[in-house]
Every structure is written in C-alpha cells, then in structure tokens.
Amino acid sequence: MDKKLTLQVAIPTHAPEGISRIERVLLPPREGVGYVVSWQDHRNARIPDAVAARDDVEVLRFDGRGLSANRNNALEHCRADIILIGDDDLVYHPDAFDRVRGVFEANPEVDYASFRYDGPDEKPYPGEAVSLNPVPKGFYQTTFEIALRRQSKAGNLRFSPLFGPGAPYLTAGEDEFFLLSAVKAGVSCRFFPLTIATHPTLTSGSLPKSSEGLLRTTGAVIALRHRLMWIPRLPVVALRISRAGNAGFFKALRAMAAGAAYALREVPSDFGAKADGC
C-alpha cells in the first residue's frame, strides 16, 4: 500500500491577538498532519497553553515586515509532502486535510492545487475541475485556497514582498501574483471544486476597489497578466469600477496606470523563473 502523503498548514499570524485565534483553526490531531505558524509582531507575548501543548504545532516568532514575508517564513519551515497555505481566522471542515491529500495522491501530475472556501463574499468558482494554465477568465486566487507539492517547482514558489498588506505601494494582490508566478514558471496548476474551509469575514479580493492601494494593485495585475494589451484594458476596467460606484473613472484610471507602471518597472520580466525543481 502506498504511503499516505503528509501535510502541513502554513499559517501567518500577527500580534498577540493573532496567536490567540490559532487554537480555533486547529483540527483534532491526526497522523501525518501538522501546522507551522509564523508569528509577526509577537511583542514577546506568551503562546497560549492550548497551542503550546500541541506536538503537531510549530510556532515561529518572526520579526520581518509585511504579510508576504510572514507567509514566506512559514513556507520556508514546512517539511511535509504537501503545504496548505492557511490563515488565522479560518474554520477548516473536518475532512479538509484528507481531501487535500487525496487530491494530490490521485493527481500525481499536479503540483499546485486550488480549492474552494465558504464565506460572506460568495466568491464564484468554476463548476468543475479545470487547469489554471493559463488562468481562466474571471478566476481570481485567494491565498488560503492554495496547496503545494513541496518537492516540486511549486514548493519553491514564494510571495513577492512588492505585493500585499505591508508592501510599500501595492497593498493587495499577493495571491494573484503568486498564481501568475506559478503559471509563468511552468508549474502544473489546477482548480478542484472541493470546499475545505469557511472564512467568516470578507476577503480583500471581494472588497470594493476604492482605495488607492487596491486600485494600484488592480492595474499592476492587469499589466503583468496582459503585457501586450494592458493599456486598452485599463479604461475598460476603470469604467466598470466607476459604474459600480467604487471610485470615479479618472481616479481609478490614474491609480491603475500608476500601479501598472510600477509593476512593469519593479517586477523582473522573468518573475517565476526561480521556481526551479528541487
């Protein structure tokens, strides 16, 4: 009988109140499943007893800045066959980890798998399993849907510090850029319509694109996804944002153009190329 794949959940958390949420994320201990928690801005607070008592949980105090760096720290310390990227406010379904492991066992050619979650944003998904090479129209990635086969190109992927909360200019979009990097690196990526968790609040991807940071990030992702056609796409998206009442047309267009120019200037043209095989 084939050996069952091991799995670790890579969870970033922030501040003392963040570590206090971790207990609610954990499922009952099970063989072959563990958790790596990267704790940013820990302020030398105590690890809650219920978390410290778990042999399957490793808590890493991390002094770096930015959510992407925090996620990367968790990824660097995972040693299981499969890494499921998590968050500190998820409620995992009881069979979530078995379902994720089952997908990788049944699909040895897949190194990057994306799943579903429930939540108030009612995110739309494809109705069936589909390849993400290339990314289907209308599909957008949420970080805690992602699982990676560690001993593969996918296992070498990391989040860009140019994107996400705590980044200097593009304050979101780290998840979408992560998927773009995987596709560009030739990683075998696939979506599976299996729900693994509930997220109790709205995610940043579902929030109205009204802030400068979100608008800049929208422009950046468009430019990186459509390098030859990003200029005519920006006013179309700006008009859509304006009609939705999220931001004025010219405000949206200016911010998106600034984000696009920043991304094309700062993101290496060969992004994703470092995801070499192990």
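Throughout, residue positions are numbered sequentially from 1 according to the sequence presented. This one's a predicted model, so the numbers in the text were calculated from it and none came from an experiment.
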Check whether NZ of the Lys or CZ of the Arg Arg149 lies under 6.0 Å from the centre of the six-membered ring of Phe104 and within 45 degrees of that ring's axis. no
With a 4.5 Å limit on heavy-atom distance, are the side chains of Phe144 and His199 in contact? yes
Taking atom CZ of Arg240 and atom CG of Asn246, what is their separation to the nearest 0.5 Å? 12.0 Å
Tyr92 and Ala197: which non-hydrogen atoms are nearest, and at how many Å? CD2-CB, 3.8 Å
Pairs of donor and acceptor atoms involving the side chains of residues 57-64, under 3.5 Å and at least two apart or interchain, shall be tabulated with distances.
residue, atom, partner, partner atom, Å
Arg61, NH1, Ala45, O, 3.0
Arg61, NH2, Ala45, O, 2.8
Asp63, OD1, His42, NE2, 3.1

Answer yes when Glu76 and Arg158 have at least one side-chain N-carboxylate O distance shorter than 4.0 Å, and no when they do not. yes
Looking at Arg30, I want to see if its CZ is surrounded by more than 12 non-hydrogen atoms of other residues, nucleotides or ligands under 6.0 Å. yes
Salt bridge (Lys or Arg N to Asp or Glu O under 4.0 Å) filter on Arg227, not counting sequence neighbours, yields none
Hydrophobic cluster identity match, Val51 and Val91, side-chain contacts under 4.5 Å: no
About how many Å separate CD of Glu176 and OG1 of Thr143, when rounded to the nearest 0.5 Å? 9.5 Å
Applying salt bridge (charged side-chain N to carboxylate O under 4.0 Å, His left out) as the test, list every pair that has at least one member in residues 242-259; sequence neighbours left out. none
Do Leu180 and Phe271 make a side-chain contact, defined as non-hydrogen atoms from C-beta onward lying under 4.5 Å apart? yes
Between Ser68 (side chain only) and Ser160 (backbone N and O only), is there a donor and an acceptor less than 3.5 Å apart? yes
Just so I know, are the side chains of His93 and Ile196 near enough to count as touching, which here means a heavy-atom distance under 4.5 Å? no
Over 60° means perpendicular and under 30° means parallel, so classify the ring planes of Phe159 and Phe178, tilted if in between. parallel
Report the C-alpha distance between Val236 and Arg233 in whole Å, list the side-chain angles of each, state the deciding distance to 0.1 Å, and finish with yes or no for side chain to side chain contact (heavy atoms under 4.5 Å, CB included). CA-CA 5 Å; Val236 174; Arg233 286 175 181 269; 5.6 Å; no
What closest approach, in Å, do Ile47 and Ala52 show between heavy atoms, and which atom pair accounts for it? CG2-N, 3.9 Å
Where do Val103 and Val110 land on the side chain to side chain contact (heavy atoms under 4.5 Å, CB included) test, with the steps shown first? CA-CA 9 Å; Val103 161; Val110 172; 5.6 Å; no
CD1-CG distance between Ile241 and Leu215, expressed to the nearest 0.5 angstrom: 5.5 Å
Determine the minimum heavy-atom distance between Ala74 and Val36, stating which atoms define it. O-CG1, 3.8 Å
Atom pair CG/OG1 of Asp41 and Thr13 - distance to nearest 0.5 Å: 10.0 Å
For Cys78 against Arg150, the heavy-atom pair lying closest together: O-CD, 3.4 Å
Side-chain heavy atoms under 4.5 angstrom apart, residues restricted to Ile, Leu, Val, Met, Phe, Trp, Tyr: same cluster for Tyr35 and Phe115? yes
State, yes or no, whether a side-chain contact exists between Ile85 and Leu75 at a heavy-atom distance under 4.5 Å. yes
Flag the pair Gln8 / Ile83 as yes when at least one side-chain heavy-atom distance between them is below 4.5 Å, and no otherwise. no
May I have the step-by-step check of side chain to side chain contact (heavy atoms under 4.5 Å, CB included) for Phe97 and Val9, ending in yes or no? CA-CA 9 Å; Phe97 304 148; Val9 188; 3.7 Å; yes
The test is side chain to side chain contact (heavy atoms under 4.5 Å, CB included); show your working for Asn107 and Phe192 and say whether it passes. CA-CA 11 Å; Asn107 299 273; Phe192 295 88; 3.8 Å; yes
Minimum side-chain heavy-atom gap Ser242-Phe250 below 4.5 Å: no
Could you list all the salt bridge (charged side-chain N to carboxylate O under 4.0 Å, His left out) pairs where at least one residue sits in residues 79-89, not counting sequence neighbours? Arg21-Asp88
Under 3.5 Å, side chain of Arg43 to main-chain N/O of Pro16, donor-acceptor pair present? no
pair Tyr112-Ile146: side-chain heavy atoms closer than 4.5 Å: yes
Hey, could you give me the CG/CD1 distance between Leu26 and Ile11, rounded to the nearest 0.5 Å? 6.5 Å
Once side-chain hydrogen bond (donor to acceptor under 3.5 Å, both in side chains) is applied, do any residues pair with Asn44, and if so which ones, sequence neighbours excluded? none
Non-hydrogen atoms of Leu84 and Ala147 that approach each other most closely: CD1-CB, 4.0 Å
Check this for me: does any side-chain nitrogen of one of Arg71 and Glu174 sit under 4.0 Å from a carboxylate oxygen of the other? yes
Counting only N and O atoms by type, is there a donor-acceptor contact under 3.5 Å from the side chain of Glu109 to the main-chain atoms of Ser188? no
Could you pull out every donor-acceptor pair under 3.5 Å between side chains of residues 122-135 and any protein atom, sequence neighbours left out?
residue, atom, partner, partner atom, Å
Lys123, NZ, Tyr140, O, 2.7
Lys123, NZ, Thr142, OG1, 2.9
Lys123, NZ, Glu145, OE1, 3.0
Lys123, NZ, Glu145, OE2, 2.9
Tyr125, OH, Tyr117, N, 3.2
Tyr125, OH, Glu145, OE2, 2.5
Ser131, OG, Asn133, N, 3.0
Ser131, OG, Asn133, O, 3.4
Asn133, OD1, Cys189, N, 2.9
Asn133, ND2, Val187, O, 2.7

Closest contact, heavy atoms only, Leu234 versus Ala260: CD1-CB, 4.4 Å
Considering the options Thr6, Asp56, Leu7, which one meets the side-chain contact (heavy atoms from CB on, under 4.5 Å) requirement together with Val33? Leu7
Close side-chain approach of Arg116 to Phe191, heavy-atom, < 4.5 Å: yes
